[in-house]
Student: 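Sharing a structure with you now.
The basis for the numbers below is simple: all heavy atoms, side chains too, and nothing from hydrogens, waters or symmetry mates.
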Amino acid sequence: MIYARVSTSDQSCARQVTELTAFAARAGYDLVEVFKETASGTSAKRVARKRVLDLAQARQIDAILVNELSRWGRSTQDLLESLNRLAGWNVSVVAMNGMTFELNTPHGRMMATMLAGIAQFERDLLSERVKSGLVAARARGKKLGRQPGQRPKSDKLAPQVIEAVASGRSYRWIARDLGLSKNTVTEIMKRHRQRPS
């Protein structure tokens with residue numbers, strides 16, 4: 001099984017697949033299928049990766065070959081979680097540099113421990129940056145969060161909601177059609193009824 005997250009360039013895609021195929025042949029892997037992912041590595045919706053994980057869960061593959069580990073996980077935490085899932089299905093991830101990630105081996109567990117530490121470090125750094133930014137914004141007098149009375153989307157859609165209710169449509173259908181929650185529709189109507197005539 002080869003999983004390649006590739007750029008949209010056909011030349012780059014062909015090169016990566018050729019390199020992975022040659023690596024599979026040298027390492028003695030029987031190639032089952034090649035998956036090409038053009039979605040961004042930061043995207044949570046990667047169709048090809050989901051298909052690979054489905055095959056792994058169905059125990060139809062033993063290993064996933066990738067040109068580099070960063071191509072498989074969108075973050076250290078995501079990488080660690082997916083490696084743990086794959087370990088539960090006895091499927092390893094093999095990077096083209098020869099590193100094999102099998103969490104049922106001492107080497108694999110050591111790598112997982114290191115990755116978990118890095119993931120925690122990344123989360124802590126992000127948290128510190130966010131807190132620092134909030135403190136700096138407050139020091140500049142910036143009011144954070146949605147301010148009282150601000151309802152841009154519901155205020156914009158209020159006339160459509162009122163008109164739909166007047167025509168006999170249910171709150172649930174109105175919410176679905178306008179992309180609102182049923183509670184928002186209820187609040188719009190509540191405010192509308194409380195307005196002085």
Student: So do the side chains of Ile188 and Leu180 get within less than 4.5 Å of each other, counting heavy atoms only?
Tutor: yes
Student: State, with a plain yes or no, whether a side-chain heavy atom of Val94 is found less than 4.5 Å away from one of Val66.
Tutor: no
Student: Check whether Val130 and Leu144 end up in the same hydrophobic cluster, where Ile, Leu, Val, Met, Phe, Trp and Tyr are linked by side-chain heavy atoms less than 4.5 Å apart.
Tutor: yes
Student: Got a sec, which residues hit side chain to side chain contact (heavy atoms under 4.5 Å, CB included) with Glu187, two or more places apart in sequence or on another chain?
Tutor: Lys190, Arg191
Student: Could you list the residues that satisfy side-chain hydrogen bond (donor to acceptor under 3.5 Å, both in side chains) with Gln57, not counting sequence neighbours?
Tutor: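 Result, side-chain hydrogen bond (donor to acceptor under 3.5 Å, both in side chains) vs Gln57: none returned.
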Student: Tell me which pairs pass salt bridge (charged side-chain N to carboxylate O under 4.0 Å, His left out) where either residue lies in residues 126-142, with sequence neighbours left out.
Tutor: none
Student: So, taking the atom named CD1 in Ile162 and the one named CE in Met189, what distance separates them when rounded to the nearest 0.5 Å?
Tutor: 6.0 Å
Student: Among all residues two or more places apart in sequence or in another chain, which pass the side chain to side chain contact (heavy atoms under 4.5 Å, CB included) test with Arg59?
Tutor: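 Partners of Arg59 by the side chain to side chain contact (heavy atoms under 4.5 Å, CB included) criterion, ordered by chain and then number, come out as Trp89.
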Student: Below 4.5 Å, heavy atoms only, C-beta onward: do Val91 and Asp62 meet side chain to side chain?
Tutor: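 Answer no - side chains too far apart.
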Student: Can you tell me which residue pairs pass the side-chain hydrogen bond (donor to acceptor under 3.5 Å, both in side chains) test with a partner in residues 171-183, sequence neighbours excluded?
Tutor: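 Passing the test, one end in residues 171-183: Arg169-Asp177, Tyr171-Arg193, Ser181-Thr184.
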Student: With sequence neighbours left out, what residues match Glu19 under side chain to side chain contact (heavy atoms under 4.5 Å, CB included)?
Tutor: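 Side chain to side chain contact (heavy atoms under 4.5 Å, CB included) check on Glu19 returns Arg15, Met96.
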Student: How many angstroms lie between atom CD1 of Ile61 and atom CG of Leu31, to the nearest 0.5 angstrom?
Tutor: 11.0 Å
Student: Nearest 0.5 Å, please: how far is CD in Glu81 from CG in Leu86?
Tutor: 12.0 Å
Student: What distance separates Thr21 OG1 from Arg26 CZ, expressed to the nearest 0.5 Å?
Tutor: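 So the OG1 of Thr21 and the CZ of Arg26 are separated by 10.5 Å.
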Student: Could you check Leu125 against Ser127 for side chain to side chain contact (heavy atoms under 4.5 Å, CB included), going step by step and ending with a plain yes or no?
Tutor: CA-CA 5 Å; Leu125 280 181; Ser127 176; over 6 Å; no
Student: Nearest heavy-atom pair of Leu65 and Ala24: which atoms, and what distance?
Tutor: CD1-CB, 3.4 Å
Student: Run the side chain to side chain contact (heavy atoms under 4.5 Å, CB included) test against Gln60 and tell me which residues pass, sequence neighbours left out.
Tutor: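 For Gln60 the side chain to side chain contact (heavy atoms under 4.5 Å, CB included) partners, ignoring immediate neighbours, are Leu55, Ala58.
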